[in-house]
Q: 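Below is the structure I would like to discuss, written out as structure tokens.
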Amino acid sequence: MAKYRVLDSEELAAFEKEFVEFLVINSITADDWVKIKTEDQTRTQSIISLFSDVIFEKLMRQTQYVIRRAKNNIACFHFQANQIVLVGLES
């Protein structure tokens, strides 16, 4: 089961290089991938789901700042090694 959502086809296309590396690391050749895509949709979705988790996990680890804007407030989060700092404004 995926930890995060599954990347859509446009997002997968943007991570094509990383996806090829992911397949190589998991011993899936280009020919194997073509065969899996045509013959085993369940396995195809499972592989894409695993890859999606890898990408989202990497993005989460690299994220340092998040800004949340609403109609009457703004919250800026700074993710540090041992804490999260919040600066917020409300009107």
Side-chain angles (χ1 to χ4, degrees):
M1 179 170 212
K3 185 174 181 181
Y4 303 102
R5 71 171 178 82
V6 176
L7 296 171
D8 63 31
S9 57
E10 186 176 311
E11 293 166 328
L12 280 171
F15 289 107
E16 181 178 3
K17 180 182 175 223
E18 292 85 351
F19 187 63
V20 169
E21 290 172 3
F22 176 80
L23 293 175
V24 169
I25 289 169
N26 288 284
S27 302
I28 301 173
T29 66
D31 292 337
D32 290 341
W33 177 241
V34 170
K35 185 176 178 180
I36 292 168
K37 284 194 317 183
T38 57
E39 295 177 3
D40 192 348
Q41 280 302 109
T42 302
R43 185 161 181 224
T44 300
Q45 291 303 317
S46 176
I47 291 169
I48 292 172
S49 179
L50 287 172
F51 175 71
S52 297
D53 282 351
V54 169
I55 292 297
F56 279 111
E57 192 67 36
K58 180 179 176 183
L59 292 173
M60 294 293 207
R61 290 181 191 275
Q62 292 176 346
T63 300
Q64 292 184 19
Y65 296 94
V66 172
I67 299 174
R68 182 187 173 277
R69 294 184 179 114
K71 183 177 179 181
N72 296 322
N73 60 44
I74 185 169
C76 301
F77 300 89
H78 179 206
F79 299 95
Q80 300 174 351
N82 297 316
Q83 66 181 0
I84 300 172
V85 177
L86 165 64
V87 175
L89 298 170
E90 190 167 346
S91 65

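Along the sequence shown, residues are numbered consecutively beginning with 1.
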Q: For a quick test of your reading: what N or O donor-acceptor pairs under 3.5 Å do the side chains of residues 74-91 make, sequence neighbours left out?
A:
residue: His78; atom: ND1; partner: Gln80; partner atom: NE2; Å: 3.2
residue: Gln80; atom: OE1; partner: Gln83; partner atom: NE2; Å: 2.7
residue: Ser91; atom: OG; partner: Asn72; partner atom: O; Å: 3.4

Q: Show me the pairs that pass side chain to side chain donor-acceptor pair (under 3.5 Å) and involve residues 37-48, at least two apart or across chains.
A: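 Counting only pairs at least two positions apart or across chains, no side chain to side chain donor-acceptor pair (under 3.5 Å) contact touches residues 37-48.
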
Q: Pick from Thr29, Ile36, Ile47: which one makes a side chain to side chain contact (heavy atoms under 4.5 Å, CB included) with Leu23?
A: Ile47

Q: side-chain hydrogen bond (donor to acceptor under 3.5 Å, both in side chains) with Glu11: which residues, sequence neighbours excluded?
A: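 For Glu11 the side-chain hydrogen bond (donor to acceptor under 3.5 Å, both in side chains) partners, ignoring immediate neighbours, are Arg5.
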
Q: Got a sec, which pairs hit ring-ring contact (aromatic ring centres under 6.0 Å, His included) with one end in residues 19-51, sequence neighbours left out?
A: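 For residues 19-51: Phe19-Trp33, Phe19-Phe51, Phe22-Phe51.
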
Q: Taking only residues two or more places apart in sequence, or in another chain, which ones meet Ala70 in a side-chain contact (heavy atoms from CB on, under 4.5 Å)?
A: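 Testing Ala70 for side-chain contact (heavy atoms from CB on, under 4.5 Å), a comparison that skips the adjacent residues, returns Arg68, Asn73.
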
Q: Are Leu12 and Leu50 connected, step by step, through hydrophobic side chains (Ile, Leu, Val, Met, Phe, Trp, Tyr) whose heavy atoms are closer than 4.5 Å?
A: yes

Q: Could you grab the distance from atom CG of Asp53 to atom CG of Leu7, nearest 0.5 Å is fine?
A: 9.0 Å

Q: Would you name the heavy atoms of Ser27 and Asp32 that are closest together and state the gap between them?
A: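 The pair with the smallest heavy-atom distance is O-OD2, 4.2 Å.
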
Q: Extract all donor-acceptor atom pairs below 3.5 Å that involve side chains of residues 54-63 and protein atoms in other chains or at least two apart in sequence.
A:
residue: Glu57; atom: OE1; partner: Lys3; partner atom: NZ; Å: 3.3
residue: Glu57; atom: OE1; partner: Tyr4; partner atom: OH; Å: 2.8
residue: Glu57; atom: OE2; partner: Arg61; partner atom: NH2; Å: 3.4
residue: Thr63; atom: OG1; partner: Leu59; partner atom: O; Å: 2.7

Q: Under the side-chain contact (heavy atoms from CB on, under 4.5 Å) test, which residues partner Ser9, sequence neighbours left out?
A: none

Q: Can you list everything that forms a side-chain hydrogen bond (donor to acceptor under 3.5 Å, both in side chains) with Asn26? Sequence neighbours excluded, please.
A: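 Counting only residues at least two positions away or on another chain, Asn26 forms no side-chain hydrogen bond (donor to acceptor under 3.5 Å, both in side chains).
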
